[in-house]
There are 2 protein chains.
Amino acid sequence: MLTGTNLTYTKAYNFRIVFETIRLHGPISRADIARQTRLTAQTASNIVARLLERNFVKEGVKLQKKRGAPSTTLEVNPEGAYSVGLDFNRDHLTGILVDLAGNLKTKIFYEINSPTPKDAINLMVSTIRQLTDSSLVKDAYIAGIGLGLPGPLEINKNNEVSNTINPKAFPNWEHVPVGKMLKDKIDHPIYIENNASAAAIGERMYGAGKNIPNFLYTFFGAGLGGGLVINGNIFEGENRNAGELGYFPFPNGKSPLSTSDQPHIGEHFNLNNLYRWLNEHDLDIKRPEDLANLYNDKNEWFMQWLDLAKEYLVSIFLAAEYFLDIEIIILGGRLPYSIIEDIAKDLPDLIEKPRISINSKPPIFQCGTAGTDAAALGAATLPMFDLFAAQTDVLIKD
Amino acid sequence: MLTGTNLTYTKAYNFRIVFETIRLHGPISRADIARQTRLTAQTASNIVARLLERNFVKEGVKLQKKRGAPSTTLEVNPEGAYSVGLDFNRDHLTGILVDLAGNLKTKIFYEINSPTPKDAINLMVSTIRQLTDSSLVKDAYIAGIGLGLPGPLEINKNNEVSNTINPKAFPNWEHVPVGKMLKDKIDHPIYIENNASAAAIGERMYGAGKNIPNFLYTFFGAGLGGGLVINGNIFEGENRNAGELGYFPFPNGKSPLSTSDQPHIGEHFNLNNLYRWLNEHDLDIKRPEDLANLYNDKNEWFMQWLDLAKEYLVSIFLAAEYFLDIEIIILGGRLPYSIIEDIAKDLPDLIEKPRISINSKPPIFQCGTAGTDAAALGAATLPMFDLFAAQTDVLIKD
DNA sequence: TTGTATTAATAAAATGAATTGACTAATCTT
DNA sequence: AAGATTAGTCAATTCATTTTATTAATACAA
């Protein structure tokens, strides 16, 4: 619905704009903030005063340029806020604490095995408590708790709780009100996203997408996921399922890992499928980390998988270019960094041959900066993003 | 760059919000406008006064609901502004005049044959003059001139002029500064878009996309084009080439119309390819309208083409769903309406079989309301959109 | 028929954000 | 040492929305 705006919203937006300017371009002086944001020096100065008061920024070194009075610079105060991120899947729970600058402060990792919802929630709650009760964040402001779940998710009518997990891949987890269950026990705002979207938001705010308003994030998790960042914000689609890259059909033939009657690329990237297939070839692989060794050894089976993976990705990324003319594709997730790096290195050449172009540049491939904890880090940035990101929707009523 | 906002921008945005509310929901009272926009009654009333003063809206009937004073309703004043739209391609130039309500007032159509840039510009100029000098718009406010060109387009460094046409399909038209050439002779603001994007904006503002902020528009023109509307605005991509649906590869085999060494779906939808192929089968077809007869007669060659066309579209639209989880796909363009209607009718069933879904609804297929003049009507709405659409970017400096 | 409740619309005053203008202080240039 | 330039802030102004108050029109109930 079309709603108006007023001074209050203006204030909220300018507050975010100034904070973002300091975060992305700091250390920076009040005068430079005013120039960049096109606000008056007075307004910028006033907003900075509010940011200082709330401890979100702090003054840094004095700086002199050519002439005139030297300027005192401002930069993000990492201790100004903290946030908790959880990345949950059937084989693991990662919990982390990050500060306002996006630094990872604490990390807790559990290997688990398809827990019941009740057990899972209990583990999440104790993990959150452990992270928020540490001496580090004593008295500090906690922005909230972000939870990354394997998609697809649901939102019920009340818009309050979102949660269900692909029932085939994760039995007994249909329509579990994860958000509600957590809210009953945790006294912080709770944000839930599918882990691919969360990771994309993480890269957008703190990582490779910091200065890139439009990109496609490709998430190698339990399967193949994606997060689409459009105009600086995640684009979720009508049913919150945008970025389901795994559903694309194989460009020709099908993967030896495919077993379903609707062959789709996701099957090739499904880690359980991959483990099983490698086991069939006498390779004992149980965790994503184990793949790094196979890659280092140039194991023939793994390299066969990797070559096919690249071929399949090419067809997806071509679609991304034709549809969205996307500038940058960021790759991240639980696969070892060396493997993701290899993919990012090879794709530009591989995509060039089938690509049709009249006057546009090919997409750039980049590795995410969050490493294998991308989902947890992304989850942790959900509260930060909600509070600080300079989205234009904060300008509009409701 | 991150820029701030202030009261002036607030005012501009609320002005648009109120106008849009009247346009989409009128006849509507001041009180209802206030309720919908969440502005105060006073503010809504003040903005309406400004809209009345500028003749963009007019008062309508009195309306009484249950109790209380009856309200005077407001509605768009069609005569409040006019706009000119041109749809140019190598075989035709369509020029139209529309009013503020989106009604087609005058239409001029020329059949042409790959004119030189100079001849084309002259024809455009005389068409524009004819449309703007008519007695109808005497003394009326002309919002501007919109020009739809076959993509892909370019923007030069100065951001002022955009213009070049697929040189393979349209010889001697590389890097022609159409915008600049028009501006020298025409004293109205000039807007240029590729015709698919223009048509998409037209459907967004006045047609099937009126109340739909996210949709994919599919344009059957000289080839296959697309326009992506995201958050109410056209999404153009990094090189302004988003929506190049024609570049998708064939899902299997290739079309009998395909001749290039990089087979792609666009070849199948290329009208010249289609005419040629039909000619080879002794069917004398020269214009899009001629296809309607073939369709009525259920001509075997044409139906073969049509069945393949649907198959190819399915693969594109599946990609649209997986990538964007798009709710609605609007079909329009120069193909006869009966054929587009047939496609829209058959696609839901055709897409259901290959489609993979866990908990999302399939896209809805709809025919555009602009008919075969979609591109020209879309071009005509470019100035209207720029002046009246409630985009959040009008809230931000620069 | 009369009094009351409800709603529409606007006038006048208040609010609160950014802006404008004036001023001080710090540094470089000549 | 004087002048130029820049940073930063206080005080006053501006201006669109909001708040408050008022008038007018209608329906409903007694």
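Below, each value reflects all heavy atoms present in this structure, side chains not excepted, and no hydrogens, waters or symmetry copies. All values reported here derive from a predicted model rather than from experimental measurement. Every chain is numbered from 1 and lettered A, B, ... according to where its sequence line falls, protein lines coming before strand lines.
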> By side-chain hydrogen bond (donor to acceptor under 3.5 Å, both in side chains), which residues pair with T10(B), not counting sequence neighbours?
Replying inline: T10(A)
>> Just verifying a value: how many Å separate T8(A) OG1 and K11(A) NZ, rounded to the nearest 0.5 Å?
In response: 8.0 Å
>> Once side-chain hydrogen bond (donor to acceptor under 3.5 Å, both in side chains) is applied, do any residues pair with D325(A), and if so which ones, sequence neighbours excluded?
In response: N239(B)
> Can you pull the contact range of chain A along DNA chain D, 5' to 3', using atoms under 4.0 angstrom from its heavy atoms?
Replying inline: dA4(D) to dT18(D)
> What residues form a side-chain hydrogen bond (donor to acceptor under 3.5 Å, both in side chains) with S29(B), not counting sequence neighbours?
Replying inline: none
>> Please list all pairs meeting side-chain hydrogen bond (donor to acceptor under 3.5 Å, both in side chains) that have one or both residues in residues 50-59 of chain A, counting only residues at least two apart or in different chains.
In response: R30(A)-E59(A)
>> So, using salt bridge (charged side-chain N to carboxylate O under 4.0 Å, His left out) as the criterion, who are the partners of E327(A) when residues are at least two apart?
In response: none
> Taking only residues two or more places apart in sequence, or in another chain, which ones meet R35(A) in a side-chain hydrogen bond (donor to acceptor under 3.5 Å, both in side chains)?
Replying inline: D32(A)
>> Categorize R35(B) for me: base, sugar-phosphate, or nothing, with a 4.0 angstrom heavy-atom threshold over every strand shown.
In response: sugar-phosphate
>> Checking E236(A) now: which residues fulfil salt bridge (charged side-chain N to carboxylate O under 4.0 Å, His left out) with it, not counting sequence neighbours?
In response: R240(A)
>> Please compare T73(B) and Q64(A) by the position of their nearest nucleotide in DNA chain C and report the one closer to 5'.
In response: T73(B)
> Can you pull the salt bridge (charged side-chain N to carboxylate O under 4.0 Å, His left out) pairs that have at least one residue in residues 384-398 of chain A, sequence neighbours excluded?
Replying inline: D398(A)-R38(B)
Just the atom pairs and distances: protein N or O near nucleotides 1-6 of chain C's N or O, under 3.5 Å.
| unit_1 | atom_1 | unit_2 | atom_2 | d |
| --- | --- | --- | --- | --- |
| dT6(C) | O2 | G68(B) | N | 3.2 |

Check the interface with nucleotides 12-18 of chain C: list each N/O to N/O pair with the protein under 3.5 Å, or write none.
| unit_1 | atom_1 | unit_2 | atom_2 | d |
| --- | --- | --- | --- | --- |
| dA18(C) | OP1 | N14(A) | ND2 | 3.2 |

>> Filter on salt bridge (charged side-chain N to carboxylate O under 4.0 Å, His left out), then keep only pairs touching residues 14-26 of chain B, sequence neighbours left out; what's left?
In response: E20(B)-R23(B)
